[in-house]
A.B. asks: 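Once you've had a glance at the structure underneath, I'll fire off some questions.
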Amino acid sequence: MKNDSGTAYEHCELSVNGEGFLAIGEAKNPCDVDFVHKMKWETMTFNVFEMGTEDNVQRAFDVLRDGGVVIEAIHELPWSKCCATVIDKYGVCWWIAI
């Protein structure tokens, strides 16, 4: 769904290998990535779960943190034995997990 001015998407549904996940954009466009990183502010969040293995989470984490900001390093939660939250160098927040 595009915003009122038609310049950006507010909501979109994406899929990987047929598995869907939801992205929600809430930042003004264009956003100031330096400000996003300084404030650890989430402009959009992708929840990517069911990554299969801890190695897959680690590889994604290593790529996403390059030039980005780690919000939560890889850790365990009651509902996920391996997950992390990172804002990448473009200001997009990723929650990755198995």
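Quick caveat, the model's predicted, so the values are computed rather than measured.
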A.B. asks: Is any side-chain heavy atom of Val63 closer than 4.5 Å to one of Arg59?
C.D. replies: no

A.B. asks: In chain order, what residues pass the salt bridge (Lys or Arg N to Asp or Glu O under 4.0 Å) check against Asp66, with sequence neighbours excluded?
C.D. replies: none

A.B. asks: Looking at CD of Glu72 and CG of Leu77, how far apart are the two atoms once the value is rounded to the nearest 0.5 Å?
C.D. replies: 7.0 Å

A.B. asks: Has Ser80 got a side-chain atom pairing as donor or acceptor with Ala97's backbone, closer than 3.5 angstrom?
C.D. replies: no

A.B. asks: With no hydrogens and no angle check, is any side-chain donor or acceptor of Asn56 less than 3.5 Å from a backbone partner on Met51?
C.D. replies: yes

A.B. asks: Could you walk me through whether Ile87 and Val92 satisfy the side chain to side chain contact (heavy atoms under 4.5 Å, CB included) test, starting with their C-alpha distance in whole Å, then the side-chain angles of each, then the deciding distance to 0.1 Å, before giving a yes or no?
C.D. replies: CA-CA 5 Å; Ile87 298 175; Val92 177; over 6 Å; no

A.B. asks: Can you tell me if His75 uses its side chain to pair, donor with acceptor, with the backbone of Cys83 under 3.5 Å?
C.D. replies: yes

A.B. asks: Applying side chain to side chain donor-acceptor pair (under 3.5 Å), can you list everything that pairs with Glu54, at least two apart in sequence or on another chain?
C.D. replies: none

A.B. asks: Could you walk me through whether Val69 and Val86 pass side chain to side chain contact (heavy atoms under 4.5 Å, CB included), step by step?
C.D. replies: CA-CA 6 Å; Val69 175; Val86 181; over 6 Å; no

A.B. asks: Report yes if some heavy atom in the side chain of Cys93 is under 4.5 Å from a heavy atom in the side chain of Thr85; otherwise report no.
C.D. replies: yes

A.B. asks: For Phe61 and Ile96, which heavy atoms make the closest approach, and how far apart are they?
C.D. replies: N-CD1, 3.6 Å

